[in-house]
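In what follows, every heavy atom counts, from backbone to side chain, and hydrogens, waters and symmetry copies are set aside.
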Amino acid sequence: QVQLVESGGGLVQAGGSLRLSCATSGFSFSSSAMGWFRQAPGKERDFVAAITWSGTNKHYADSVKGRFTISRDNAKHTVALEMNTLTPEDTTVYYCAAAKFISYASGAYDYWGQGTQVTVAS
């Protein structure tokens with residue numbers, strides 16, 4: 001069965017860093033694009049970052065460009081999101097997801113994790 005399990009969330013002070021990781025199984029990870037999204041309560045799920053199956057191409061939301069870095073390890077079937085210079089506006093639940101092709105749209109992603117909470121204190 002398909003599983004995506006995020007970890008690494010937590011509480012951090014503004015200006016700090018966190019590294020999220022997503023461990024996957026049950027689908028063809030090495031041929032899937034992977035993405036990170038975030039969603040605040042009562043709001044839509046917003047695109048954060050995505051990476052192609054090879055890791056060659058990466059896309060970022062403007063709000064995180066220069067602060068967040070997405071990476072993947074096809075041997076370990078994991079995808080990571082390194083988050084630096086965090087602000088309180090980054091506080092929300094972060095989800096990893098898998099898609100056939102890299103996309104900004106949440107609807108393009110077939111599989112989702114359960115999410116991990118990131119809280120940035122001011």
| request: Could you tell me whether a side-chain N or O of Lys58 sits under 3.5 Å from a main-chain N or O of Ile70, the two making a donor and an acceptor? | output: yes
| query | Of Trp36, Trp112, Tyr94, which meets side-chain contact (heavy atoms from CB on, under 4.5 Å) against Glu6? | reply | Trp36
| request: In sequence, state the C-alpha distance, the side-chain angles, and the governing distance for Phe68 and Tyr60, and then conclude on ring-ring contact (aromatic ring centres under 6.0 Å, His included). | output: CA-CA 8 Å; Phe68 291 12; Tyr60 297 94; 8.3 Å; no
| query | How far apart are the closest heavy atoms of Tyr109 and Ala50, and which atoms are they? | reply | OH-CB, 3.5 Å
| request: Look up atom NE2 in His77 and atom OG in Ser28, then write down how far apart they are to the nearest 0.5 Å. | output: 7.5 Å
| note | So OG1 of Thr116 and CG of Leu81: to nearest 0.5 Å the spacing works out to 11.0 Å
| field | Side-chain (Ser17) to main-chain (Asn84) donor-acceptor, under 3.5 angstrom | value | no
| message | Just verifying a value: how many Å separate Leu4 CG and Ser25 OG, rounded to the nearest 0.5 Å? | response | 7.5 Å
| Thr78 and Asp73 side chains, donor-acceptor separation under 3.5 Å | no
| Are Ile51 and Met83 joined in one hydrophobic group, where the rule is that I, L, V, M, F, W and Y side chains link up if heavy atoms are under 4.5 Å apart? | yes
| request: Return yes if some donor-acceptor pair links the side-chain N/O of Arg67 with the main-chain N/O of Thr85 below 3.5 Å, else return no. | output: yes
| query | What pairs with Tyr104 under ring-ring contact (aromatic ring centres under 6.0 Å, His included), at least two apart in sequence or on another chain? | reply | Phe47, His59
| Does NZ or CZ of Arg72 lie under 6.0 Å from the centre of the six-membered ring of Phe29, at an angle within 45° of the ring axis? | yes
| request: Output the distance between atom CG (Asp90) and atom OG1 (Thr119), rounded to the nearest 0.5 Å. | output: 11.0 Å
| said: How close do Gln117 and Val93 get, counting heavy atoms only, and between which atoms? | reply: OE1-CG2, 3.2 Å
| message | The test is side-chain contact (heavy atoms from CB on, under 4.5 Å); show your working for Arg19 and Ser71 and say whether it passes. | response | CA-CA 11 Å; Arg19 180 180 173 86; Ser71 62; 4.2 Å; yes
| Val120 and Gln13: side-chain contact (heavy atoms from CB on, under 4.5 Å), yes or no, with the steps? | CA-CA 5 Å; Val120 184; Gln13 293 294 315; over 6 Å; no
| field | Donor-acceptor under 3.5 Å (Ser122 side chain, Pro88 main chain) | value | no
| task | Would you name the heavy atoms of Ala99 and Ala108 that are closest together and state the gap between them? | result | CB-O, 3.3 Å
| Do you know the tightest heavy-atom contact between Thr24 and Met34? | CG2-CE, 4.2 Å
| task | To the nearest 0.5 Å, tell me how far Leu20 CG sits from Cys96 SG. | result | 9.5 Å
| message | Nearest 0.5 Å, please: how far is OG in Ser32 from OH in Tyr111? | response | 7.5 Å
| field | Shortest non-hydrogen separation from Ala121 to Leu11 and the atoms involved | value | CB-CD1, 4.1 Å
| field | Contacts of Lys65 that satisfy side-chain hydrogen bond (donor to acceptor under 3.5 Å, both in side chains) - sequence neighbours left out | value | Asp62
| task | List the steps and the verdict of side-chain contact (heavy atoms from CB on, under 4.5 Å) for Tyr95 and Arg38. | result | CA-CA 6 Å; Tyr95 299 87; Arg38 60 189 183 185; 5.9 Å; no
| task | May I have the step-by-step check of side-chain contact (heavy atoms from CB on, under 4.5 Å) for Leu86 and Leu18, ending in yes or no? | result | CA-CA 8 Å; Leu86 285 161; Leu18 282 175; 4.2 Å; yes
